[in-house]
Amino acid sequence: MTAFELVGESGWNNVVSVIKSSKKSEDDEELEEVEEEEEEEEEEEEEKGEEKGEEMEEDVDDEKSWEKVDNEKEEMESEITIQPPQVPPVDQSTSMRNLRESLSKINSAFSVSGEIYVDKNEPLVVFFDTDKDNKQSKGGAHRMEFPLTDSTIINKLVEACSPASFGFKTETVLNLEYRQALKIDSSNFLTSFDVYRNGIVDVISKTLVSNAPVCAELHKLNVYGPGGFFKPHVDTPLTTDMFGSLVVCLPAKFEGGVLRVTKDELTKRFDWGRTCIDENNGDQYVQWVAFFSDCPHDITPVTSGHRITLTYNLYKRSPNEVLSPQIDVQDFSFYRELKASLMNPNFFNSGAIFGFHCQHSYQSVEFDMLKGNDMVVFQAAVHCGLNVYLKSIVDGYGDSFIGNVSEEGNGGQYESKDKFIEESFDVVRVRDDRITWFGSRAGKKSHAYLHYGNEASISHVYSSVVLVVEVPSFKQRIKALTVAE
Ligand SMILES: O=C(O)CCC(=O)C(=O)O
Ligand SMILES: [Fe+2]
């Protein structure tokens, strides 16, 4: 039945057969009922015949012929029950088209956002220190409450800030042409805003990293006053397990200062100045967005007021867990399509090497760090019992190369016989025609901003990554696929 369902969704004809086969069980019952009635009628007639003393031999023959028909019927039924419908497998190009189409439909989010009502009876508190450089000082702490009752406290906040720098290559630089903002380091302020208790971290975990455990680390408090802005940059990965950034905007009146987050051709705008305070009833909201930190983003100039934000770095917690357990590949047509293709003898009958360009950029080439769509592709391949290799693309010699990094798969269900994988994966041309490529190299935009991070980049930089998938011959893979059912 599983096979029916899996194949079924990939080809229209088979969908009908799934419906048919599930309907069949109801029909069976009806058929049995009809047969029982018929038997009763026959018995009655037999009795009548006996009573009438009519030619019994003929009846016996009839009975035999009925038996035969019944047997044939049974045989037919059991054939229908056991045998999958005989739909001729599609040709390879149709299979490939379906696979590419389903790949383009994987649509995992690159950002997730929300808002939280700020209850006047439970104000959000920020404590900050205006005398942080004087360790002996006892009088530097200030309490700031949201909703703001006295906006003069913002002047005190500005006083506690220092100019915000950013990372240019490996140096921390202050360049007012690139970023004009103020900051307080996390060691010099405290807030009652709890991203765990109010559910933000759970939402991020669910939406961005397939339920992997997430740790949000408070990074900075930033103030963008009138004229403040931050030009396009990516957020510098501080460790190998950092995957994203969370920005929380506190409700203070401001205009402009729109945060724009870009992924490929898509840009999301967060014009929080317009929405942080409801002008009709004065209700105030904390607004937030989390995004993969390799997504380029910028802040347009603030035209009035002060834009106050808290920033957090997001980490995946258990980096040693290779598979995020909660991702359900069955939900993705890409998985179903891949499986259907692998079960198709016309689909690369003697095997192939697939190269899936990852949609995101990575500072570490580890499977558990895969984000969004890339995790879906990886999980789908592994669930189909395929060996998967994760390679970063290294630019050089006027062409792009794949460097040997990481290897994962189903633990040797297939012998990796292909010399190409065994021997030549240290350095491979991305345009190698022995590989069947899917998608196009992503992250070029992120790399264009590679030198503009929010921190000075020390040892981690983003690079493009490829999931190399080994597709065994039909004969080899069909065994494993059938066992995996
Ligand atoms: O304040 C914001 O909206 C984002 C700031 C930012 O991009 C950063 O600090 O890296
Ligand atoms: Fe940033």
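The analysis underlying the following values was restricted to heavy atoms, covering all of them including side chains, and did not include hydrogens, waters or symmetry mates. Counting convention: from 1, in listed order, for ligands and their atoms alike. FYI, the numbering just counts along the sequence from 1.
Checked against the Fe ion (ligand 2), the N, O or S atom of Asp235 at the shortest distance is OD1.
For the pair Ile116 and Tyr285, the minimum side-chain heavy-atom distance is 4.5 Å or more.
The ligand atoms of ligand 1 that sit less than 4.0 angstrom from a heavy atom of Arg179 are 9 (O). Per-residue contacts place Leu259 under 4.0 angstrom from the following atoms of ligand 1 (heavy atoms of the residue considered): 3 (O). Residue Asn222 approaches ligand 1 through these ligand atoms, each under 4.0 Å from one of its heavy atoms: 9 (O). Near His233, with a cut-off below 4.0 Å to any heavy atom, the atoms of ligand 1 are 6 (C), 7 (O), 8 (C), 10 (O). Less than 4.0 angstrom separates some heavy atom of Thr309 from each of these atoms of ligand 1: 1 (O). Atoms of ligand 1 found under 4.0 Å from any heavy atom of Asp235, numbered from 1 in the order shown, are 10 (O). Each of the atoms 1 (O), 5 (C) of ligand 1 lies under 4.0 Å from some heavy atom of Tyr224.
The closest approach between Lys220 and ligand 1 stays at or above 4.0 Å for every heavy atom of the residue.
Below 30°, between 30° and 60°, or above 60°: for Phe292 and His360 the angle between ring planes is above 60°, a perpendicular geometry. Between Phe356 and Phe438, the ring-plane angle classifies as parallel under the 30° and 60° cut-offs. Between Phe128 and His142, the ring planes lie parallel to each other; the angle is under 30°, not in the 30° to 60° tilted range.
Looking at Trp272 next to ligand 1, no N or O pair under 3.5 Å apart turns up. Below 3.5 Å of separation, one finds an N or O of Arg307 facing an N or O of ligand 1.
Checked by atom type and distance alone, the side chain of Ser95 never pairs as donor or acceptor with a backbone atom of Asp91 at under 3.5 Å. Tyr335 contributes no side-chain N or O that, together with a main-chain N or O of Cys384, makes up a donor-acceptor pair within less than 3.5 Å.
Looking at Arg260 and Asp298, a side-chain N of the basic residue comes within less than 4.0 Å of a carboxylate O on the acidic one, giving a salt bridge. Taking 4.0 Å as the cut-off between side-chain N and carboxylate O, Asp185 and Lys220 count as a salt-bridged pair.
When non-hydrogen atoms are compared, ligand 1 lies under 4.0 Å from the side chain of His297 (C-beta onward) but not from its backbone. Neither the backbone nor the side chain of Arg260 comes within contact range of ligand 1; no heavy atom lies under 4.0 Å.
Residues that satisfy the ring pair (Phe, Tyr, Trp, His ring centres under 6.0 Å) test with Phe291, not counting sequence neighbours, are His297.
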